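Below is one structure, written out as structure tokens; comments come after it.
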Protein chains: 2
Amino acid sequence: MAFFLSTFTNRVDKKGRVSVPAPFRNAVCASEGAFPGIVIYRPLNLPCIEGADLAFLEQLSDRLYGDFGPFDPDQMSVATAILAGASQLSFDPEGRVMLPAELKAGAGIDDACTFVGIGRKFQIWNPEAFEAHKADQLGRAAEQAPKLPPFGGGRP
Amino acid sequence: MAFFLSTFTNRVDKKGRVSVPAPFRNAVCASEGAFPGIVIYRPLNLPCIEGADLAFLEQLSDRLYGDFGPFDPDQMSVATAILAGASQLSFDPEGRVMLPAELKAGAGIDDACTFVGIGRKFQIWNPEAFEAHKADQLGRAAEQAPKLPPFGGGRP
DNA sequence: TGGGATATCATGGGCATTCATGGTTGGTCA
DNA sequence: TGACCAACCATGAATGCCCATGATATCCCA
């Protein structure tokens, strides 16, 4: 599964296209036979877009079905909230995608956006909004980091 | 097995035909030798239609038999409710299907319908009814999501 | 180490194809 | 013969593909 690091800001052109940062593109396409594109969705508690590779969402979906059963109301609510609002965006030959208008509006994205790698997934922000969010997160992380549980050396 | 994401609203014409969204069509037909169409049925607790590819229904059936035994009354009740009422719809040359009148009526679908991808299956709603349902599910998911078991992180 | 050549990348615009949609025709079964 | 169903055709809009450009970073060689 792909891994995303670092932050990049790219322009959104008149047609709504954005270049996905090359490192993210390579991360997604590294897996043989993987879907050449990304999947994005509206996260529940943040004014941004979240994205990942298809394998990530498939795993989320399959675990929901596996842990809750295919007709469990709790499973359905999360599946509907995340998956129904998701979009599968394939790269054009130049490595760009088209952000759906609804998700763009929800994140307040206009003519530029910031890609933020956070491990197995990434976020897409309005550049100014991300600066504010980042400052907030830094303060929070400084408090939380010392309390993190130990890694446990390779949980099976 | 096919994977369905995102939502699409299409018109139902006078003859009852609906275009299945191209991404859903491709997902279904991607598997080599798969039945070129979809399977739909009436879900137990929602006023909509549910659909999937044939492989999903086969797996559902196999799990019912596996978890309950072939002559268990509970298994039989679910099998009867879901599988007996299911319809197999093949695509016409343009990628459309005809929704059976009974299922259409049960979901309150008239001249338009919304396809909602939720992972291994999808739903077909009356567009307004889905908007209401979606708002409801978002609230519910916001409560559920923090309780979700961990996923991602490379653990298979 | 410095300078030039090269490759990669982000960006912009024009064009062909696909897609959703509606109507029409031909065939089949009652 | 009439009703229904499936294939065929047509159309406008939206989407994705192809080309071109400039800037940046990288590599190679002197």
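Chain identifiers are assigned alphabetically (A, B, ...) following the order of the sequence lines, protein sequences preceding nucleic acid strands; residue numbering begins at 1 within each chain. The model shown is predicted, which means the values in this text are computed figures rather than measured ones.
By the 30° and 60° cut-offs, the orientation of the rings of A:Phe122 relative to A:Phe4 is perpendicular.
Looking at B:Thr7 and B:Thr114, their side chains never bring a donor and an acceptor atom within 3.5 Å of each other.
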Legend entry - Annotated protein contacts, base or backbone, on nucleotides 16-30 of chain C with a non-hydrogen cut-off under 4.0 Å, one of B, S, - each: ---SSBBBB------
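Residue pairs meeting the salt bridge (charged side-chain N to carboxylate O under 4.0 Å, His left out) criterion with at least one partner in residues 63-75 of chain B, sequence neighbours excluded, do not occur; the list is empty.
Rounded to whole angstrom, the span from the CG atom of B:Asp92 across to the P atom of D:dC5 amounts to 14 Å.
Counted within 6.0 Å of CG on B:Asp62, heavy atoms from surrounding residues, nucleotides or ligands total more than 12; the atom is thus considered enclosed.
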Inset, instruction - Might you work through the side chain to side chain contact (heavy atoms under 4.5 Å, CB included) test for B:Val39 and B:Ser87, ending with a clear yes or no? - result: CA-CA 6 Å; B:Val39 180; B:Ser87 305; over 6 Å; no
